[in-house]
Every structure is written in C-alpha cells, then in structure tokens.
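Every heavy atom of this structure was used, including side-chain atoms; hydrogens, water molecules and symmetry mates were not. For ligands, and for the atoms within them, numbers begin at 1 and follow the listed sequence.
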Amino acid sequence: MTETKYTATIGLEIHAELKVATKMFCNCKNDPDEKRPNVNVCPVCTAQPGTLPVLNKKAIEHVIRVGLASGSDIAGFTEWDRKNYFYPDIPKGYQISQYKYPLVANGAINGVKLTRIHLEEDTARSTHDKGDFSLVDFNRGGVALMELVTEPVIHDAKTAGNFARELQLLLQYLGAGDANMEKGEMRVEANVSVSKDPKKFGTKVEVKNLNSFRTVEKAIEYEIERHIETIEVGGKIVQETRGWDEAKQKTFSQRLKESSHDYRYFPDPDIPKMMVPEVFDLKKLKADLPELPWQRREKYLKFGVKAEDAESYVGDRTLGDFFEKVSADFAGDAELVKTASNYVSSDLVGLLSKDKNLKYPDHKYFAEIIKMFKAGDLSSRGAKDLIARILKDNVDPRKIAEKEGLIQKSDEGELKTIIEKLVKENPKVVADYRGGKQASLQFFVGQVMKITKGSANPQAIMKVILEVLK
Ligand code: ADP
Ligand code: ZN
Ligand code: MG
C-alpha cells in the first residue's frame, strides 16, 4: 500500500421513464410491456413532415413533483430544445430535450445535491445483434423521459448506489414511474474521477448502461481502483465513455470523448414556451405530496425497530403498512413494537416469500399473537406456528391456541398443586437437590411438562419449584 490518499468523485446522470398513458408529444400509447415492435407509432413520433408535437401535461407534473419532493427550485419559465444529431433511433434527426431552462434545479436527495432535472423524449430501441443488419423498434421513441443530474459530490460507490435506490423509491412513492432497472425503465450513468489533491478534480470517465444497483456500485469500485492503479504507475486517465462487462466484472472502453459534441441546441419552435406557475398550482402539488421514503424511514426508526427492518418497510410499503397497523394495537409499548417487528421481518416475510398461497392476515390477529407471546401465554415455537396458521386461514389465534392446547400455563396456583405432589412423591430427588445436585430440578420440570402436556410455561415452573423447595 502506498501512503498517498486519493479522493474519488462521482456524479450521476439518471434517466427514468415516467408513468404516463401516452408518449411525450403525441397520443401513442406508452406501454413498456408491449412485445410487438412498431405498433405504438404515429406520424408525430415518427416525425412525418407537417406534424406538430403536443406536450404531455402529466409528464411535466411528475417531474415537478419529484422537484418539490426533493426541495428543488421549480422553474418559473421553461422551454424545449432540439438536440441535433443523426442516429437511426431518432427519426426527427433531433431529440426534443430541455437545455437552457430545465424544469427543476438545486434540490437534494439523501444529502446528494441535484444539479437539475429535465424532461426529454426517449429514443427508439435498436437491435444490432441479429445479423449484418440492425432493427429499430419505435414503440419507445418519443416516450416521456426524465433526466436527473447530480453534482459531483459523491465520494464512494455505496453512496452512489443508495442514491439510485432512493430515487427509485421516490419515483414509485410519487407514482411517477416504476423505475425498474432490469426493464430499462431507470438507467444510471456514473461519472467517476480520482485525484490526489482533494481540491482538484481528476479526469472523469463516464460508465454507461448500468442496469442494476449492484452493477452501479461494482462499476464505480472498479473504476476507482483502475484510476488509482493507472496513476500509481505514472499512467494517464483519458476522458472516455466506458461500458460494464457483467461476465468479466470489468469496465471496457466504448468511445473516447470526441472533441465536445456540438448538438446545435435551439428552442423548438413548434412547442409553446411555458410560465410554469401559470400552468401548474405548485402550492397544491406540494401540499398533496404523499409520505416520502425518507419520512417513512425516520418514522420507523423512531419506533425503535432495527435499521434493516425499517429499510424493508420503506422498500415494501404493503409490509410497512401492515407493521404499522400491528403496532397501532400496542398503545406505544416499545417492547411489543420491537417484538412485532422481529416476527414481521423474519417469520411473516419468510413465509410470504416461500408460499404464494399465503396472504397477509388480519393485523389484529397478528398483534394478538405478539401480545400472547409477550405475556408468556405462548412459547416462541407456539407463536411461530400460530403465525403460519393465520397466514393460511386468517383465523382468531387465541381460539386456535386454546383449542390446540398451545397456551402455556402460568397459573401458579395450579402449578403449585402439581409440584407439591411431585415433591412428596420423589423424596430422593429432593434430597439430591439439597445435596447440591442442581440438575435434579430438570426432573421436576420434565414431570410438570408431562403432566400439563407441554402447555406449562418453563419460567413459571422453575419459579414455583424454587418456592416449594425453599
Ligand atoms: P459534461 O460536460 O461532460 O456533460 P458535466 O459537467 O455536465 O459534464 O457533468 C456531467 C456529470 O458528470 C454530472 O453528473 C457531474 O456531477 C459529473 N462530473 C463532472 N465533473 C466530474 C468529475 N471530475 N468527476 C466525477 N464526476 C464529475
Ligand atoms: Zn406517436
Ligand atoms: Mg453535461
């Protein structure tokens, strides 16, 4: 290891498809699940001469809500620009995007500062690996796409991965997008640089096509190491675009940065410019925001549950809602809440994921099991069995426990009668105990269990035995 410390810097650019019924500038269906190629196309999104784009108001609203949720500034004025370049997946010869006046700027998510969020249209999907020709499917061409750019303020892979995870949750909470990375509904590009001088940036490399959170983290870790190793042996990092090879777990060079592309941006004359607050009621949009992922997380942590449990309730809102309803039955008893969280995150989650026929039970039934367990009426085994039972049948657990003899007897009067009888009948065992043989107490515990058919609470038995033998 060398003595030199390096500072890694990361900035993210994330594209996310928005949840809207139609495309960004026409009435074509936006259907990411459509398997047939080129069915959701029309003269507007295939750029036939004489056609005119019309803005999708809902898509703009989604981006504004993401901006409001992240504490960003919403543009007073915005417009759309043409980004000119030639490629078979953009039939217009340009992509409509926002250049000078993005809808959103200057917010933060997870403490990571946002540069901007703007709207644009997605490109069509090209396929190059079928033979010596390429195929283009225009179903995706013109679909509403949000682009978010962060400031270069991230310094490690995990923070970058967590930022992307939080953005996915935010989009889902807002109903703005499904942001499924495997389906390409959310796509992350990571800009990475490394420098010896923390006040200066090193040369950055952009890694594209990262299609899972793990891949985002692995690619960044790989790049940081590659940069450091290159610099250590006196080499130079070149500014370039790289891809991620999943099989080799390595990044590879895709293309060197051409002398800064000139896209000849100019405002699209066919689309009206917009005074945003005149079209959208920003106050109302802000007031109507739902509970946000980080608000949920904080709430659960305040409940006193484990951080990883809180995270699973933030990630799975159905599960979080269930846990909350169960906890509402405990009148603020922190011990009950924590115990419930343990059983929810281990037993309930485990069972539900194993068997698709199982369903969430009535939360009152679940709470009842936790109360019975904490009161000593149920063994841990008994609680687990009952949880499995209510997921299957959604029946009153107390009734089942009583019927099947799962209730542990803690009635000390009853136990005392049984134990006094045992003590009288077994003078030798008592003598052994008094002679210092602690283990002989287990004989009595075993006998009581036998007599009560396993329904006695072991702690209660021990307590009564010691009292009787005193
Ligand atoms: P470009 O002009 O190449 O598009 P930008 O300055 O617009 O670069 O930044 C694009 C992305 O790269 C942003 O997410 C930004 O935070 C990030 N970025 C910029 N400089 C660096 C750097 N030196 N190291 C890492 N990321 C950077
Ligand atoms: Zn269309
Ligand atoms: Mg840029």
Side-chain angles (χ1 to χ4, degrees), residues 6-15 20-31 34 38-48 50-56 59 83 90-92 96-100 102 105-109 112-118 121-124 137-144 147-157 159-160 163-164 167 187-208 210 216 219-220 223-224 226-228 231 237-242 255-263 265:
Y6 289 89
T7 302
T9 301
I10 300 141
L12 300 175
E13 292 169 281
I14 304 182
H15 285 91
V20 275
T22 53
K23 291 186 181 182
M24 187 63 218
F25 301 107
C26 66
N27 249 328
C28 283
K29 215 170 144 196
N30 166 36
D31 183 3
E34 177 58 69
N38 296 309
V39 290
N40 292 324
V41 291
C42 76
V44 178
C45 56
T46 51
Q48 304 305 312
T51 58
L52 282 173
V54 176
L55 283 169
N56 184 327
K83 178 181 181 178
I90 48 157
K92 299 183 179 80
I96 305 178
S97 182
Q98 295 191 291
Y99 184 55
K100 215 168 161 185
N106 302 328
I109 294 174
V112 173
K113 233 187 136 233
L114 311 182
T115 310
R116 57 188 275 151
I117 312 176
H118 69 254
E121 57 180 336
D122 209 345
T123 57
D137 172 8
F138 287 95
N139 286 343
R140 200 184 67 184
V143 161
E147 178 174 351
L148 177 152
V149 182
T150 79
E151 291 284 291
V153 290
I154 301 170
H155 299 289
D156 64 285
T159 305
F163 176 88
L167 178 65
R187 313 193 279 269
V188 177
E189 291 158 31
N191 299 272
V192 183
S193 69
V194 156
S195 168
K196 266 188 192 175
D197 178 355
K199 286 191 229 48
K200 265 204 219 140
F201 283 146
T203 304
K204 85 173 151 113
V205 160
E206 182 176 353
V207 192
K208 278 190 187 283
L210 301 170
V216 170
I220 291 171
E223 274 305 298
I224 292 174
R226 188 181 69 83
H227 286 218
I228 293 176
I231 299 167
I237 294 296
V238 285
Q239 193 171 346
E240 62 181 343
T241 302
R242 296 176 75 88
R255 59 186 153 85
L256 296 180
K257 184 94 180 173
E258 319 87 78
S259 50
S260 180
H261 220 117
D262 181 5
Y263 292 115
Y265 281 100

As an exercise, identify every atom of ligand 1 less than 4.0 angstrom from a heavy atom of Gly11.
14 (O), 16 (O), 17 (C), 26 (N)
When you measure from atom 4 (O) of ligand 1 to each heavy atom in Lys204, Glu223, Lys200, which option holds the nearest one?
Lys204
Find all atoms of ligand 1 within a distance of less than 4.0 Å from any non-hydrogen atom belonging to Phe201, and give their numbers and elements.
23 (N)
State, yes or no, whether a side-chain contact exists between Val205 and Thr203 at a heavy-atom distance under 4.5 Å.
no
Hey, are Glu223 and Arg242 close enough for a salt bridge, meaning a charged N less than 4.0 Å from a carboxylate O?
yes
What count do you get for protein N, O or S atoms closer to the Zn ion (ligand 2) than 2.8 Å?
4
If you apply the rule side-chain contact (heavy atoms from CB on, under 4.5 Å), what do you find for Asn38 with Asp137, and how did you get there?
CA-CA 5 Å; Asn38 296 309; Asp137 172 8; 3.7 Å; yes
Picking from Leu114, Ile10, Val188, what satisfies side-chain contact (heavy atoms from CB on, under 4.5 Å) with Phe163?
Leu114
Look up atom CD1 in Ile109 and atom CG in Leu12, then write down how far apart they are to the nearest 0.5 Å.
11.0 Å
Which of the atoms of ligand 1 are close to Glu151, meaning less than 4.0 Å from one of its heavy atoms?
16 (O)
Can you tell me how far apart CG (Asn30) and CG (Asn56) are? Round to the nearest 0.5 Å.
8.5 Å
Decide whether an N or O pair under 3.5 Å exists between Ser193 and ligand 1.
yes
State whether the number of non-hydrogen atoms from other residues, nucleotides or ligands found under 6.0 Å of Lys92 atom NZ is greater than 12.
yes
Sub-3.5 Å N/O-N/O distance, Val149 and ligand 1
no
Heavy-atom side-chain proximity of His155 to Thr9 below 4.5 angstrom:
yes
Could you work out, with side chain to side chain contact (heavy atoms under 4.5 Å, CB included) as the rule, every residue matching Tyr263, not counting sequence neighbours?
Lys83, Tyr85, His261, Tyr265
Any N/O pair Asn191/ligand 1 closer than 3.5 Å
yes
Counting from 1, what ligand 1 atoms have a heavy atom of Leu12 closer than 4.0 Å?
14 (O)
When you measure from the heavy atoms of Ser195 to every atom of ligand 1, does any distance fall below 4.0 Å?
no
Run the numbers for me: atoms of ligand 1, each under 4.0 Å from some heavy atom of Gly202, listed by number.
23 (N)
Heavy-atom proximity to atom 13 (C) of ligand 1, best of Thr150, Thr9, Val112
Thr150
Lys196 and Tyr6: which non-hydrogen atoms are nearest, and at how many Å?
CE-OH, 3.3 Å
Heavy-atom pair with the smallest gap, counting every atom of Asn139 and Val143:
O-CG2, 3.8 Å
